[in-house]
Amino acid sequence: MDLSGFERISEFEWQAPATGAMRVPVVIFADEALMRAMDEKVREQASRVAMLPGIVRASYAMPDAHWGYGFPIGGVAAFDADEGGVVSAGGVGFDISCGVRCLHTGLKSAELLRQQVRLADALSRAIPAGVGSTGELRLSAAEMDDMLTGGARWAVERGYGDAADLERVEEGGQMKGAMPQQVSVQAKQRQRDEMGTLGSGNHYLEVQRVAEVYDEKIAAAYGVAVDDVVVSIHCGSRGLGHQIGTEFLRQMVVAAPSHGIVLPDRELACAPIESELGRSYLGAMRAAINCALANRQILTHLLRQVFAQVFPQARLPLLYDVSHNTCKVEEHEVDGRQRRLYVHRKGATRAFGPGHPDIPSALRAAGQPVLIGGSMGTSSFILAGTERGMKLAYGSACHGAGRAMSRHEATRRWHGREVTDELAERGILIRSPSFRGVAEEAPGAYKDVSAVVDAADSAGLARKVAKLVPLVCVKG
DNA sequence: ATGTAC
(Lines give C-alpha, C1' and ligand atoms only; values in the text may rest on other atoms or scores of the structure.)
Protein backbone atom coordinates (compact mmCIF):
# COMPACT_ATOMS: atom_id res chain seq x y z
CA MET A 1 0.00 0.00 0.00
CA ASP A 2 1.11 3.52 -0.80
CA LEU A 3 1.58 5.30 2.54
CA SER A 4 1.77 8.83 1.19
CA GLY A 5 -1.86 9.63 2.01
CA PHE A 6 -1.50 8.63 5.65
CA GLU A 7 -0.56 10.61 8.68
CA ARG A 8 1.42 8.50 11.12
CA ILE A 9 -0.38 9.09 14.42
CA SER A 10 1.97 6.77 16.29
CA GLU A 11 4.39 4.03 15.34
CA PHE A 12 1.49 1.64 14.89
CA GLU A 13 -1.43 3.88 13.95
CA TRP A 14 -1.96 5.39 10.49
CA GLN A 15 -4.70 7.85 9.64
CA ALA A 16 -6.02 8.90 6.25
CA PRO A 17 -8.12 12.06 6.53
CA ALA A 18 -11.77 12.22 5.47
CA THR A 19 -11.90 13.45 1.90
CA GLY A 20 -14.74 13.67 -0.61
CA ALA A 21 -17.81 11.79 0.60
CA MET A 22 -16.01 10.31 3.61
CA ARG A 23 -17.65 11.31 6.90
CA VAL A 24 -14.77 10.15 9.11
CA PRO A 25 -11.10 9.28 8.60
CA VAL A 26 -9.65 5.82 8.04
CA VAL A 27 -7.41 4.48 10.78
CA ILE A 28 -5.23 1.43 10.25
CA PHE A 29 -3.28 -0.26 13.06
CA ALA A 30 -0.09 -1.88 11.78
CA ASP A 31 3.67 -1.55 11.72
CA GLU A 32 5.28 -0.07 8.64
CA ALA A 33 6.15 -3.42 7.06
CA LEU A 34 2.56 -4.69 7.42
CA MET A 35 1.28 -1.38 6.06
CA ARG A 36 3.48 -1.59 3.00
CA ALA A 37 2.50 -5.21 2.40
CA MET A 38 -1.20 -4.49 2.89
CA ASP A 39 -3.46 -4.50 -0.16
CA GLU A 40 -4.34 -1.03 -1.49
CA LYS A 41 -7.92 -2.28 -1.50
CA VAL A 42 -8.00 -2.16 2.31
CA ARG A 43 -7.72 1.61 2.20
CA GLU A 44 -10.19 1.88 -0.66
CA GLN A 45 -12.73 -0.31 1.10
CA ALA A 46 -12.24 1.30 4.52
CA SER A 47 -12.62 4.73 2.84
CA ARG A 48 -15.97 3.73 1.35
CA VAL A 49 -17.11 2.37 4.72
CA ALA A 50 -16.26 5.85 6.05
CA MET A 51 -18.94 7.24 3.69
CA LEU A 52 -21.81 5.29 5.28
CA PRO A 53 -24.43 7.23 7.26
CA GLY A 54 -24.03 7.52 11.02
CA ILE A 55 -20.49 6.14 11.21
CA VAL A 56 -18.77 7.29 14.40
CA ARG A 57 -15.19 8.53 14.79
CA ALA A 58 -13.37 6.46 12.16
CA SER A 59 -13.39 3.49 9.83
CA TYR A 60 -10.83 1.13 11.34
CA ALA A 61 -8.69 -1.69 10.00
CA MET A 62 -6.76 -4.19 12.11
CA PRO A 63 -3.18 -5.33 11.35
CA ASP A 64 -4.43 -8.44 9.54
CA ALA A 65 -6.77 -6.50 7.26
CA HIS A 66 -7.22 -7.65 3.70
CA TRP A 67 -9.67 -7.28 0.85
CA GLY A 68 -13.19 -8.53 1.62
CA TYR A 69 -16.73 -8.32 0.34
CA GLY A 70 -17.59 -4.63 0.72
CA PHE A 71 -15.96 -4.10 4.11
CA PRO A 72 -12.35 -5.17 4.46
CA ILE A 73 -11.81 -8.29 6.53
CA GLY A 74 -10.23 -6.92 9.68
CA GLY A 75 -12.58 -3.93 9.53
CA VAL A 76 -14.25 -2.31 12.53
CA ALA A 77 -16.93 0.36 12.19
CA ALA A 78 -19.47 1.67 14.71
CA PHE A 79 -22.75 3.41 13.89
CA ASP A 80 -25.11 5.53 15.95
CA ALA A 81 -28.80 4.78 15.39
CA ASP A 82 -29.73 8.31 16.50
CA GLU A 83 -27.64 9.78 13.71
CA GLY A 84 -29.13 7.73 10.91
CA GLY A 85 -26.61 4.96 11.48
CA VAL A 86 -26.82 1.80 9.43
CA VAL A 87 -26.34 -1.90 9.81
CA SER A 88 -24.64 -3.68 6.92
CA ALA A 89 -24.82 -7.35 5.98
CA GLY A 90 -21.45 -7.03 4.24
CA GLY A 91 -20.08 -5.38 7.39
CA VAL A 92 -20.67 -8.57 9.32
CA GLY A 93 -19.75 -10.94 6.53
CA PHE A 94 -21.25 -14.15 5.26
CA ASP A 95 -19.96 -16.43 7.98
CA ILE A 96 -21.92 -14.72 10.73
CA SER A 97 -20.40 -15.15 14.20
CA CYS A 98 -17.51 -17.20 12.95
CA GLY A 99 -15.23 -17.40 15.94
CA VAL A 100 -12.81 -19.33 18.10
CA ARG A 101 -13.25 -21.17 21.37
CA CYS A 102 -10.37 -22.50 23.40
CA LEU A 103 -10.59 -25.32 25.94
CA HIS A 104 -8.19 -26.51 28.60
CA THR A 105 -7.36 -30.22 28.72
CA GLY A 106 -5.39 -30.42 31.95
CA LEU A 107 -2.79 -32.43 30.00
CA LYS A 108 0.85 -31.66 29.39
CA SER A 109 2.21 -32.05 25.88
CA ALA A 110 4.38 -35.08 26.75
CA GLU A 111 1.26 -37.01 27.84
CA LEU A 112 -0.60 -36.00 24.73
CA LEU A 113 2.18 -36.94 22.34
CA ARG A 114 2.08 -40.53 23.54
CA GLN A 115 -1.43 -40.79 22.04
CA GLN A 116 -1.07 -38.24 19.25
CA VAL A 117 -1.88 -40.51 16.30
CA ARG A 118 -4.72 -42.26 18.08
CA LEU A 119 -6.21 -38.93 19.08
CA ALA A 120 -5.87 -37.50 15.56
CA ASP A 121 -7.64 -40.48 14.05
CA ALA A 122 -10.38 -40.51 16.67
CA LEU A 123 -11.00 -36.79 16.24
CA SER A 124 -11.15 -37.04 12.47
CA ARG A 125 -13.77 -39.79 12.79
CA ALA A 126 -15.86 -37.87 15.34
CA ILE A 127 -15.71 -34.30 14.03
CA PRO A 128 -17.64 -33.75 10.79
CA ALA A 129 -15.59 -31.52 8.49
CA GLY A 130 -15.62 -30.33 4.92
CA VAL A 131 -17.95 -28.67 2.44
CA GLY A 132 -21.54 -29.65 3.07
CA SER A 133 -20.61 -31.83 6.03
CA THR A 134 -23.52 -32.99 8.14
CA GLY A 135 -23.83 -34.06 11.76
CA GLU A 136 -25.95 -36.50 13.74
CA LEU A 137 -28.62 -33.96 14.58
CA ARG A 138 -31.69 -33.31 12.44
CA LEU A 139 -33.56 -30.31 13.76
CA SER A 140 -37.34 -30.07 13.48
CA ALA A 141 -38.80 -26.66 12.70
CA ALA A 142 -39.55 -26.09 16.38
CA GLU A 143 -36.08 -27.21 17.46
CA MET A 144 -34.53 -24.93 14.85
CA ASP A 145 -36.35 -21.92 16.31
CA ASP A 146 -35.34 -22.94 19.83
CA MET A 147 -31.70 -23.25 18.72
CA LEU A 148 -31.78 -19.87 16.96
CA THR A 149 -33.14 -18.30 20.15
CA GLY A 150 -31.12 -20.22 22.72
CA GLY A 151 -27.65 -20.55 21.20
CA ALA A 152 -25.11 -22.45 23.29
CA ARG A 153 -27.61 -22.40 26.17
CA TRP A 154 -29.99 -24.45 24.02
CA ALA A 155 -27.17 -26.89 23.24
CA VAL A 156 -26.32 -27.30 26.92
CA GLU A 157 -29.98 -27.91 27.75
CA ARG A 158 -29.96 -30.67 25.12
CA GLY A 159 -27.02 -32.32 26.87
CA TYR A 160 -24.17 -30.88 24.84
CA GLY A 161 -21.67 -29.68 27.37
CA ASP A 162 -21.91 -28.19 30.85
CA ALA A 163 -23.76 -25.23 32.28
CA ALA A 164 -20.36 -23.94 33.42
CA ASP A 165 -19.39 -23.51 29.75
CA LEU A 166 -21.98 -20.79 29.26
CA GLU A 167 -20.31 -18.27 31.49
CA ARG A 168 -17.22 -18.49 29.27
CA VAL A 169 -19.11 -17.72 26.05
CA GLU A 170 -19.88 -14.17 24.91
CA GLU A 171 -23.39 -13.13 25.88
CA GLY A 172 -23.56 -16.02 28.35
CA GLY A 173 -23.95 -18.33 25.37
CA GLN A 174 -27.22 -16.78 24.22
CA MET A 175 -27.48 -13.71 22.01
CA LYS A 176 -30.54 -11.73 23.01
CA GLY A 177 -32.80 -10.17 20.40
CA ALA A 178 -32.68 -13.07 17.96
CA MET A 179 -35.69 -13.32 15.65
CA PRO A 180 -35.97 -16.83 14.18
CA GLN A 181 -39.03 -15.65 12.24
CA GLN A 182 -36.72 -13.36 10.25
CA VAL A 183 -34.62 -16.32 9.13
CA SER A 184 -35.83 -17.72 5.81
CA VAL A 185 -37.08 -21.25 5.33
CA GLN A 186 -34.18 -21.83 2.98
CA ALA A 187 -31.58 -20.73 5.52
CA LYS A 188 -33.14 -23.06 8.11
CA GLN A 189 -33.29 -25.87 5.61
CA ARG A 190 -29.61 -25.53 4.82
CA GLN A 191 -28.78 -25.70 8.52
CA ARG A 192 -31.13 -28.53 9.45
CA ASP A 193 -28.45 -31.23 9.50
CA GLU A 194 -25.31 -29.08 9.76
CA MET A 195 -25.24 -28.58 13.53
CA GLY A 196 -22.01 -29.79 15.11
CA THR A 197 -19.95 -29.56 11.93
CA LEU A 198 -16.78 -27.62 11.19
CA GLY A 199 -17.37 -26.70 7.57
CA SER A 200 -14.52 -25.94 5.23
CA GLY A 201 -11.91 -23.32 4.39
CA ASN A 202 -9.84 -22.22 7.34
CA HIS A 203 -12.21 -23.76 9.88
CA TYR A 204 -10.57 -26.32 12.10
CA LEU A 205 -10.37 -28.07 15.41
CA GLU A 206 -6.82 -27.99 16.65
CA VAL A 207 -5.03 -29.60 19.59
CA GLN A 208 -2.30 -27.20 20.60
CA ARG A 209 0.63 -26.90 22.95
CA VAL A 210 1.28 -23.69 24.87
CA ALA A 211 4.72 -22.91 23.48
CA GLU A 212 5.39 -19.59 25.14
CA VAL A 213 3.93 -17.34 27.80
CA TYR A 214 4.47 -13.59 27.48
CA ASP A 215 2.46 -12.37 30.47
CA GLU A 216 2.68 -14.72 33.44
CA LYS A 217 0.10 -12.92 35.50
CA ILE A 218 -2.64 -12.91 32.88
CA ALA A 219 -1.72 -16.45 31.77
CA ALA A 220 -2.19 -17.59 35.38
CA ALA A 221 -5.57 -15.85 35.51
CA TYR A 222 -6.53 -17.63 32.29
CA GLY A 223 -5.16 -20.93 33.62
CA VAL A 224 -2.55 -21.55 30.93
CA ALA A 225 1.14 -22.39 31.37
CA VAL A 226 3.94 -23.52 29.09
CA ASP A 227 3.52 -27.10 27.81
CA ASP A 228 -0.17 -27.21 28.66
CA VAL A 229 -2.33 -28.76 25.97
CA VAL A 230 -5.39 -26.80 24.85
CA VAL A 231 -7.91 -27.34 22.06
CA SER A 232 -9.18 -24.56 19.80
CA ILE A 233 -12.27 -24.76 17.64
CA HIS A 234 -12.66 -22.28 14.79
CA CYS A 235 -15.97 -22.28 12.91
CA GLY A 236 -19.19 -20.36 12.45
CA SER A 237 -22.81 -20.51 11.43
CA ARG A 238 -22.33 -22.68 8.34
CA GLY A 239 -24.99 -22.57 5.63
CA LEU A 240 -27.46 -20.61 7.73
CA GLY A 241 -25.28 -17.58 8.22
CA HIS A 242 -24.26 -17.60 4.59
CA GLN A 243 -27.85 -17.76 3.40
CA ILE A 244 -28.90 -14.91 5.71
CA GLY A 245 -26.00 -12.79 4.49
CA THR A 246 -26.84 -13.47 0.85
CA GLU A 247 -30.55 -12.72 1.21
CA PHE A 248 -30.24 -9.55 3.27
CA LEU A 249 -27.45 -8.18 1.16
CA ARG A 250 -29.71 -8.39 -1.87
CA GLN A 251 -32.62 -6.80 0.01
CA MET A 252 -30.42 -4.01 1.32
CA VAL A 253 -29.20 -3.16 -2.19
CA VAL A 254 -32.78 -2.94 -3.45
CA ALA A 255 -34.05 -0.94 -0.46
CA ALA A 256 -31.16 1.54 -0.17
CA PRO A 257 -32.71 4.27 -2.37
CA SER A 258 -35.98 4.11 -0.41
CA HIS A 259 -33.94 4.83 2.73
CA GLY A 260 -32.21 7.73 0.99
CA ILE A 261 -28.89 5.88 1.06
CA VAL A 262 -26.46 6.30 -1.79
CA LEU A 263 -24.22 3.24 -1.73
CA PRO A 264 -20.56 3.99 -2.48
CA ASP A 265 -20.30 0.32 -3.47
CA ARG A 266 -23.06 -2.20 -4.07
CA GLU A 267 -21.25 -4.54 -1.72
CA LEU A 268 -21.69 -2.05 1.12
CA ALA A 269 -25.43 -2.62 1.06
CA CYS A 270 -26.92 -1.49 4.35
CA ALA A 271 -30.13 -0.33 5.98
CA PRO A 272 -30.82 2.19 8.72
CA ILE A 273 -30.72 0.55 12.15
CA GLU A 274 -34.07 2.22 12.74
CA SER A 275 -35.82 0.68 9.75
CA GLU A 276 -37.89 -2.45 9.30
CA LEU A 277 -35.18 -4.03 7.16
CA GLY A 278 -32.43 -3.04 9.57
CA ARG A 279 -34.33 -4.52 12.51
CA SER A 280 -35.10 -7.67 10.54
CA TYR A 281 -31.47 -8.15 9.63
CA LEU A 282 -30.34 -7.60 13.21
CA GLY A 283 -32.88 -10.19 14.37
CA ALA A 284 -31.76 -12.71 11.76
CA MET A 285 -28.07 -11.98 12.36
CA ARG A 286 -28.52 -12.53 16.11
CA ALA A 287 -30.22 -15.84 15.35
CA ALA A 288 -27.16 -16.75 13.26
CA ILE A 289 -24.92 -15.77 16.19
CA ASN A 290 -26.85 -18.28 18.29
CA CYS A 291 -26.43 -20.87 15.57
CA ALA A 292 -22.66 -20.40 15.63
CA LEU A 293 -22.54 -20.52 19.44
CA ALA A 294 -24.65 -23.71 19.45
CA ASN A 295 -22.48 -25.19 16.72
CA ARG A 296 -19.27 -24.63 18.66
CA GLN A 297 -20.98 -25.98 21.79
CA ILE A 298 -21.99 -29.24 20.06
CA LEU A 299 -18.50 -29.62 18.59
CA THR A 300 -17.15 -29.18 22.12
CA HIS A 301 -19.32 -32.08 23.24
CA LEU A 302 -18.01 -34.28 20.41
CA LEU A 303 -14.47 -33.27 21.31
CA ARG A 304 -15.01 -34.22 24.94
CA GLN A 305 -16.41 -37.62 23.93
CA VAL A 306 -13.22 -38.33 22.00
CA PHE A 307 -11.01 -37.21 24.87
CA ALA A 308 -13.04 -39.44 27.22
CA GLN A 309 -11.95 -42.43 25.13
CA VAL A 310 -8.30 -41.49 24.70
CA PHE A 311 -7.62 -39.66 27.97
CA PRO A 312 -10.32 -40.83 30.40
CA GLN A 313 -8.94 -38.69 33.23
CA ALA A 314 -9.00 -35.46 31.23
CA ARG A 315 -11.57 -32.72 31.76
CA LEU A 316 -11.98 -29.98 29.17
CA PRO A 317 -13.31 -26.79 30.75
CA LEU A 318 -13.82 -23.83 28.48
CA LEU A 319 -11.35 -20.96 28.63
CA TYR A 320 -13.35 -18.68 26.36
CA ASP A 321 -15.40 -18.41 23.17
CA VAL A 322 -15.27 -15.24 21.09
CA SER A 323 -16.72 -14.39 17.68
CA HIS A 324 -15.04 -12.29 15.01
CA ASN A 325 -17.89 -11.61 12.54
CA THR A 326 -20.66 -9.69 14.30
CA CYS A 327 -22.57 -6.48 14.77
CA LYS A 328 -23.23 -5.79 18.44
CA VAL A 329 -24.77 -3.02 20.46
CA GLU A 330 -22.20 -1.72 22.91
CA GLU A 331 -21.58 1.28 25.13
CA HIS A 332 -18.42 3.18 24.28
CA GLU A 333 -16.99 6.48 25.37
CA VAL A 334 -16.59 8.84 22.42
CA ASP A 335 -15.25 12.34 22.99
CA GLY A 336 -15.99 12.14 26.67
CA ARG A 337 -19.54 10.86 26.45
CA GLN A 338 -21.03 7.37 26.65
CA ARG A 339 -22.75 6.35 23.45
CA ARG A 340 -24.73 3.30 22.42
CA LEU A 341 -23.18 2.07 19.19
CA TYR A 342 -23.71 -0.73 16.67
CA VAL A 343 -20.18 -2.05 16.36
CA HIS A 344 -19.45 -4.08 13.22
CA ARG A 345 -16.46 -6.37 13.52
CA LYS A 346 -15.69 -8.28 10.36
CA GLY A 347 -12.69 -10.50 10.81
CA ALA A 348 -11.99 -8.60 13.99
CA THR A 349 -12.18 -9.95 17.52
CA ARG A 350 -13.90 -8.25 20.42
CA ALA A 351 -11.19 -7.38 22.96
CA PHE A 352 -12.73 -5.78 26.04
CA GLY A 353 -10.37 -4.38 28.63
CA PRO A 354 -10.04 -5.27 32.32
CA GLY A 355 -13.07 -4.69 34.49
CA HIS A 356 -15.65 -4.74 31.70
CA PRO A 357 -18.92 -6.18 33.03
CA ASP A 358 -19.36 -8.43 29.97
CA ILE A 359 -16.22 -10.42 30.87
CA PRO A 360 -16.75 -13.54 33.03
CA SER A 361 -16.08 -12.64 36.68
CA ALA A 362 -13.13 -15.05 37.01
CA LEU A 363 -11.36 -13.37 34.09
CA ARG A 364 -12.61 -9.81 34.48
CA ALA A 365 -9.59 -8.35 36.23
CA ALA A 366 -7.26 -9.74 33.54
CA GLY A 367 -9.25 -8.49 30.56
CA GLN A 368 -11.16 -10.48 27.97
CA PRO A 369 -9.32 -13.40 26.37
CA VAL A 370 -8.72 -12.61 22.70
CA LEU A 371 -8.33 -15.79 20.68
CA ILE A 372 -6.33 -15.42 17.50
CA GLY A 373 -6.43 -18.41 15.20
CA GLY A 374 -3.35 -19.05 13.15
CA SER A 375 -3.47 -20.71 9.77
CA MET A 376 -3.07 -24.48 9.61
CA GLY A 377 0.33 -25.56 10.84
CA THR A 378 1.32 -22.19 12.25
CA SER A 379 0.98 -20.60 15.66
CA SER A 380 -2.15 -19.29 17.31
CA PHE A 381 -2.19 -16.74 20.09
CA ILE A 382 -4.07 -15.83 23.23
CA LEU A 383 -4.15 -12.12 23.93
CA ALA A 384 -5.95 -10.04 26.53
CA GLY A 385 -8.11 -6.99 25.98
CA THR A 386 -6.68 -3.73 27.30
CA GLU A 387 -7.92 -0.44 28.66
CA ARG A 388 -6.14 1.32 25.82
CA GLY A 389 -7.79 -0.92 23.22
CA MET A 390 -11.19 0.25 24.47
CA LYS A 391 -10.25 3.76 23.41
CA LEU A 392 -8.45 2.88 20.17
CA ALA A 393 -11.05 0.83 18.28
CA TYR A 394 -14.02 0.09 20.52
CA GLY A 395 -12.22 -2.80 22.20
CA SER A 396 -11.28 -4.73 19.07
CA ALA A 397 -8.24 -6.62 17.83
CA CYS A 398 -7.10 -8.70 14.88
CA HIS A 399 -8.51 -12.18 14.29
CA GLY A 400 -5.81 -14.14 12.48
CA ALA A 401 -3.04 -14.04 9.97
CA GLY A 402 -5.02 -13.05 6.91
CA ARG A 403 -4.48 -14.61 3.51
CA ALA A 404 -1.38 -13.62 1.58
CA MET A 405 -2.58 -15.22 -1.66
CA SER A 406 -5.80 -16.50 -3.22
CA ARG A 407 -6.99 -20.05 -2.76
CA HIS A 408 -6.47 -20.59 -6.46
CA GLU A 409 -2.86 -19.44 -6.31
CA ALA A 410 -2.27 -21.67 -3.27
CA THR A 411 -3.55 -24.78 -5.08
CA ARG A 412 -1.19 -23.97 -7.98
CA ARG A 413 1.78 -23.82 -5.63
CA TRP A 414 1.15 -26.69 -3.27
CA HIS A 415 -0.30 -30.18 -3.21
CA GLY A 416 -2.32 -31.16 -0.16
CA ARG A 417 -0.57 -34.51 0.21
CA GLU A 418 2.87 -32.86 0.33
CA VAL A 419 1.71 -30.20 2.76
CA THR A 420 0.30 -32.92 5.03
CA ASP A 421 3.53 -34.95 4.87
CA GLU A 422 5.69 -31.92 5.50
CA LEU A 423 3.68 -30.91 8.54
CA ALA A 424 3.72 -34.50 9.84
CA GLU A 425 7.52 -34.39 9.73
CA ARG A 426 7.32 -31.34 11.96
CA GLY A 427 5.09 -33.23 14.38
CA ILE A 428 1.80 -31.70 13.25
CA LEU A 429 -0.86 -34.23 12.27
CA ILE A 430 -3.41 -32.94 9.76
CA ARG A 431 -6.67 -34.79 9.19
CA SER A 432 -8.88 -33.44 6.43
CA PRO A 433 -11.42 -34.85 3.97
CA SER A 434 -9.95 -32.65 1.24
CA PHE A 435 -6.34 -32.50 0.06
CA ARG A 436 -7.31 -29.53 -2.05
CA GLY A 437 -8.56 -27.80 1.08
CA VAL A 438 -5.22 -28.51 2.74
CA ALA A 439 -3.38 -26.96 -0.22
CA GLU A 440 -5.63 -23.89 -0.10
CA GLU A 441 -4.80 -23.46 3.58
CA ALA A 442 -1.07 -24.18 3.26
CA PRO A 443 0.89 -22.18 5.86
CA GLY A 444 2.67 -20.28 3.08
CA ALA A 445 -0.65 -18.96 1.73
CA TYR A 446 -1.03 -16.81 4.84
CA LYS A 447 0.74 -13.80 6.23
CA ASP A 448 2.96 -14.22 9.27
CA VAL A 449 0.55 -14.33 12.20
CA SER A 450 3.34 -13.42 14.65
CA ALA A 451 3.90 -10.09 12.92
CA VAL A 452 0.17 -9.37 13.01
CA VAL A 453 -0.09 -10.21 16.70
CA ASP A 454 3.02 -8.20 17.55
CA ALA A 455 1.52 -5.19 15.78
CA ALA A 456 -1.76 -5.59 17.67
CA ASP A 457 0.20 -5.81 20.93
CA SER A 458 2.46 -2.86 20.11
CA ALA A 459 -0.47 -0.74 18.97
CA GLY A 460 -2.11 -1.42 22.33
CA LEU A 461 -5.20 -3.12 20.88
CA ALA A 462 -4.60 -6.20 23.02
CA ARG A 463 -1.79 -7.69 25.07
CA LYS A 464 0.09 -10.85 24.10
CA VAL A 465 -0.41 -13.60 26.68
CA ALA A 466 0.55 -16.94 25.13
CA LYS A 467 1.57 -18.64 21.91
CA LEU A 468 0.01 -21.94 20.88
CA VAL A 469 1.52 -24.38 18.38
CA PRO A 470 -0.46 -27.16 16.71
CA LEU A 471 -0.10 -30.88 17.44
CA VAL A 472 -3.24 -32.18 15.72
CA CYS A 473 -5.45 -30.33 13.28
CA VAL A 474 -8.81 -31.54 11.98
CA LYS A 475 -9.82 -29.24 9.16
CA GLY A 476 -12.52 -28.85 6.58
C1' DA B 1 -16.88 -18.44 4.20
C1' DT B 2 -20.47 -21.10 0.91
C1' DG B 3 -25.24 -27.02 -1.34
C1' DT B 4 -17.00 -23.49 -3.93
C1' DA B 5 -22.18 -20.88 -10.20
C1' DC B 6 -28.76 -20.05 -10.16
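Protein chains get the first letters and strands the later ones, always in sequence-line order, with residue 1 at the start of each. Side-chain atoms are counted along with the backbone in the values below, which use heavy atoms only and exclude waters and symmetry mates.
OP1 or OP2 of dT2(B) has at least one side-chain nitrogen or oxygen of Ser200(A) nearer than 4.0 Å. OP1 or OP2 of dT4(B) has not a single side-chain nitrogen or oxygen of Arg407(A) nearer than 4.0 Å.
dT2(B) atom C1' lies 18 Å from atom CZ of Phe248(A), rounded to whole Å. Rounded to whole Å, atom C1' of dT2(B) lies 10 Å from atom CD of Gln243(A). What separates CZ of Arg250(A) from P of dT2(B) is a distance of 18 Å, to the nearest Å. Regarding Leu249(A), its CG atom lies at a distance of 13 Å from the P atom of dC6(B), rounded to whole Å. Put simply, CG on Asp95(A) is 15 Å from P on dT4(B), counting in whole angstrom units. Here dT4(B) presents its C1' atom at 9 Å from NE2 of His242(A), a figure rounded to the nearest Å. Atoms CZ (Phe94(A)) and P (dT2(B)) sit 12 Å apart, rounded to a whole Å. Taking atom CG of Asp193(A) as the reference point, atom P of dT2(B) lies 14 Å away to the nearest angstrom.
With sequence neighbours excluded, the residues forming a side-chain hydrogen bond (donor to acceptor under 3.5 Å, both in side chains) with Lys464(A) are Asp454(A), listed by chain and number.
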Could you list the donor-acceptor pairs under 3.5 angstrom formed between side-chain atoms of residues 127-139 of chain A and any protein atom two or more places apart in sequence or on another chain?
from: Ser133(A); atom 1: OG; to: Gly130(A); atom 2: O; distance (Å): 2.8
from: Ser133(A); atom 1: OG; to: Arg238(A); atom 2: NH2; distance (Å): 3.3
from: Arg138(A); atom 1: NH1; to: Gly135(A); atom 2: O; distance (Å): 2.8

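Between Glu422(A) and Arg426(A) no salt bridge is recorded (no basic side-chain N to carboxylate O distance below 4.0 Å).
Residue Glu194(A) is classed as a sugar-phosphate contact, given heavy-atom separations below 4.0 Å to backbone atoms only. Residue-level contact check: Gly199(A) touches the backbone only, with heavy atoms under 4.0 Å from sugar-phosphate atoms and none from bases.
Residues Asp95(A) and His203(A) have side chains that bring a donor and an acceptor to within less than 3.5 angstrom of each other.
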